[in-house]
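Take a look at the structure set out below.
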Amino acid sequence: VQLVESGGGAVQAGGSLRLSCAASGSIFRNNAMGWYRQALGKERELVAVILTSGSTHYADSVKGRFTISRDTTAHTLYLEMNTLRPEDTAMYYCAAPYSDIWGQGTQVTVSS
């Protein structure tokens with residue numbers, strides 16, 4: 001197993017969660033890393049990505065609320081999620097998308 005997510009859970013709207021993704025060093029050093037999500041009955045969508053340069057990109061729906069970051073020493077990717085909304089409810093996946101490497105997912109449920 002190369003990517004392992006943690007940190008999901010159930011929160012009320014307006015709350016916060018931080019997701020973590022532990023990766024092997026080789027994946028972390030050589031790949032852009034991202035967070036994706038898939039809600040029930042919907043297509044998987046990009047949430048945020050961080051390039052090897054450190055540049056970040058976000059889906060419009062999460063801009064200003066979510067922050068992607070990485071700890072290169074610990075080989076860990078993070079997603080800080082604030083001001084959560086019910087529409088953020090989904091399975092969240094960590095990925096090295098250009099290498100097609102995916103984690104098993106962690107569920108985030110936001111109640112109104």
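These numbers come from a predicted model, not from an experiment.
- Between the CD atom of Glu5 and the SG atom of Cys21 there is a distance of 5.5 Å, given to the nearest 0.5 Å.
- Closest heavy-atom contact between Ala96 and Met33: CB-SD, 3.8 Å.
- Counting heavy atoms from C-beta on, the side chains of Leu17 and Val108 come closer than 4.5 Å.
- Side chains of Val49 and Thr56 form no contact here, defined as non-hydrogen atoms less than 4.5 Å apart.
- A donor-acceptor distance shorter than 3.5 angstrom exists from the side chain of Arg70 to the backbone of Leu51, with no hydrogens or angles considered.
- Using modelled atom types, no side-chain atom of Arg29 and backbone atom of Ser24 make a donor-acceptor pair closer than 3.5 Å.
- Shortest non-hydrogen contact noted between Tyr98 and Ala32 is CE1-CB, 3.7 Å.
- Annotation for Arg37 and Phe66: closest pair NH1-CE2, 4.1 Å, computed over non-hydrogen atoms.
- In the hydrophobic cluster analysis, where Ile, Leu, Val, Met, Phe, Trp and Tyr join through side-chain heavy atoms closer than 4.5 angstrom, Leu46 is grouped together with Met91.
- Distance check, rounded to the nearest 0.5 Å: CD1 of Ile27 to CD1 of Ile101 gives 4.0 Å.
- Residue pairs meeting the ring-ring contact (aromatic ring centres under 6.0 Å, His included) criterion with at least one partner in residues 30-60, sequence neighbours excluded, are Tyr36-Trp102.
- Closest approach of Ala13 and Pro86 over heavy atoms only: CB-CD, 4.1 Å.
- One hydrophobic cluster, built from ILVMFWY side chains closer than 4.5 Å, holds both Ile50 and Leu3.
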Cut-off 3.5 Å, no hydrogens considered: what does the side-chain donor-acceptor table look like for residues 73-85, sequence neighbours left out?
from, atom 1, to, atom 2, distance (Å)
Thr76, OG1, Ala74, O, 3.0
Asn82, OD1, Ser16, OG, 2.8

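- Contact record, Val62 with Val47: CG2-O, 3.6 Å, taken as the closest heavy-atom pair.
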